[in-house]
Amino acid sequence: MQTRDISELQDFCKKIRRHIIEMITEAKSGHPGGSLSAVETLAVLYLEVMRHDSKNPQWKERDRFILGKGHACPVLYATMAECGYTPVDQLKTLRKMGSIYQGHPDRRFIPALEASTGSLGQGLSVAIGMGLAARMDGNPSRTYVMLGDGEIQEGQIWEAAMFASFHKLDNIVAIVDYNKIQLDGFVKDIMELEPLADKWRSFGWHVVDADGHDLLALRRAFAEAEATKGKPTVLLAHTIKGKGVSFMENNPKFHGMAPTKDECEKALKELA
Amino acid sequence: MAAKTKFDLKMGSATREAFGKTLVQLGRENKDVVVCDADLSKSTMVHWFAQEFPGRFFTCGIAEANMVAIGAGLASAGKIPFVASFSAFVLTKGFEQLRVTVAYPNVNVKVVGTHSGISIGEDGPSQMSIEDLSLATALPGFTVISPADEVSMAAFVRLAASHDGPVFLRAGRAKVPVVYNPDQQFAIGKAIELIDGSDVTLMAHGLMVAESLRAAEILEAEGISTRVVDVPTIKPLDTGAVAKAARETGAIVVGEEHLVDGGLGVKVAQAVTQSHPCVMEFVGVTTYAESGTPEGLLQKYGMTAANMAAAARRAVARKK
């Protein structure tokens, strides 16, 4: 892990949040809430934790990241662009015909993406396949997969959870972006997940609970995951949907609704 | 000519057995070949691979959706995964995963569905795959293969492995007659003319190829000159062979152990209407079957040489 100044990370996060707001406003559709909640996690992964090289995206020993909750792709696009994978000046073409920044992550347009996602529940299984391949080859590559909290209501997640611990796969890390809100409302009202840590533990995973907006806590959590051998680790990243924009925070409306021009200006002022 | 000139049709092994044996040989030749199983290894016959290559064999438990997507991850990291289960389960329970993690990003996964059709017999309709070709051919980028016998299956397992892109390979449970000599050459996308004829063409895949050969004998005795074409690759279809049959014989009967509402018949009809419209008849399943012996079921549900011959007579009569 290559640590940076916390202030550098904080500046990066603010920049990503501004991109997210501008991209989705320009697209007039998209998912701001779950993009904003995942900003710190992706920042710590891409700037500190993962070994990767945007100049050599097919490097065989790179660490990999899969966004299971593909609808939050603005946060991934902005982070990858700022890391040099794709053009920053095209971010505002999000969701437009011909854009590399498709409505959900699409490897046909950005080959550096590890998986095309958008249908929930499948990213963890794909990550497991990559983890198995790395282990077979003695490749140090680690795979990180971010899941939405609503996403883990999918049955396939638990098929995959059983598999990963049974096969003692310690080179994959699942991150649940636990912002407690899904499309139709609060998770607790749609399909409660608690006791969530117990569920993962009973499936044989090492569980780390952390504040998903606390950069130091995230850094510690990923270090703990890497040090955990013989079982996979899940990070329950407790986050706030819409984090960083007062009127979007904890507001189910902004799961899948673009800000208006006025709301955009207001949001950007808060993120100045 | 490598195809047999006279078809005495000695009974051979099931195509699933040829699949399992060839997979082991392939494993010895290519260390990137890996196998995923959903608790049916003794039935799909990947257990031989598991015995020889335990480090390249992954038990997924009874969880087909997860298995398919794990295959996608393995392939994305450079492996050549064979993901095997009963056709009825891997394509239905894994369909959305085949769509989003395999077909749409064009990932190099080899899906093998054994126990296809109704000839699995006593287990009944829940285990009988009669929709699998409709599903597999619906996926853009997928190559869909249904070999007729042990010789062609062995060849197509290797062709599937060396093909860059997703493949669905269909295998059967029951023993089937040997159609080909061991030196027959096969290629993805190529149909094989087994008997030439001028009045009608019988096109088939899987166990209906042998039935078509038997039907041709019956028809020849009646003075109907019958062409028989094995179409092991259902997608991409050998449209050249279809157009040639339509043009030269003017009547095509498609026989398959699959719903007539999907599969080869529909694909051939599409190709015929785009090239040289001709009379067509379809022999296949029209509904869910029941428990029974494989032979009894094929007879009751109309997938025998007699059914092919009857359809051919209808087609020839309609030409006039």
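Since this is a predicted model, take the numbers as computed values, not measurements. Below, chains carry the letters A, B, ... as their sequence lines are ordered, and counting in each starts from 1.
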Top residue by heavy-atom pair count (under 4.5 Å) with chain B, among [options]?
options                            : result
Q156(A), M130(A), M162(A), H167(A) : Q156(A)
E114(A), R135(A), M136(A), R107(A) : M136(A)
D137(A), L113(A), L124(A)          : D137(A)
T117(A), I128(A), L132(A)          : L132(A)
G129(A), A133(A), S141(A)          : G129(A)
G121(A), G131(A), G123(A), S116(A) : S116(A)

Under 4.5 Å, counting heavy-atom pairs only, tell me which of [options] racks up the most with chain A.
options                  : result
A69(B), G78(B), S76(B)   : A69(B)
G55(B), C36(B), C60(B)   : C60(B)
V34(B), T59(B), D32(B)   : T59(B)
T101(B), N106(B), I62(B) : T101(B)

Steps toward side chain to side chain donor-acceptor pair (under 3.5 Å) verdict (E257(B), H205(B)): CA-CA 8 Å; E257(B) 197 193 0; H205(B) 62 84; over 6 Å; no
Proximity breakdown for [X] and chain B, heavy-atom pairs closer than 4.5 Å:
X       : answer
A160(A) : both
R64(A)  : side chain
P111(A) : neither

Within 45° cone of F19(B) ring axis and under 6.0 Å: R16(B) NZ or CZ: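 Not satisfied by the 6.0 Å and 45° rule.
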Ring geometry between W200(A) and W205(A) (parallel below 30°, tilted from 30 to 60°, perpendicular above 60°):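 Perpendicular.
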For the rings on [X] and [Y], is their centre-to-centre separation under 6.0 Å?
X       : Y       : result
F49(B)  : F53(B)  : yes
F163(A) : F166(A) : no
H52(A)  : Y85(A)  : yes

Residue pair S29(A) / R95(A), side-chain donor-acceptor N/O under 3.5 Å: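 Short answer, yes.
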Side-chain H-bond candidate by donor/acceptor type, S125(A) with N66(B), under 3.5 Å: yes
Proximal component of E96(B), with respect to chain A [non-hydrogen, under 4.5 Å]: both
L139(B) to A103(B) - nearest heavy-atom pair and separation: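 Reported closest heavy-atom pair: CB-CB, 4.0 Å.
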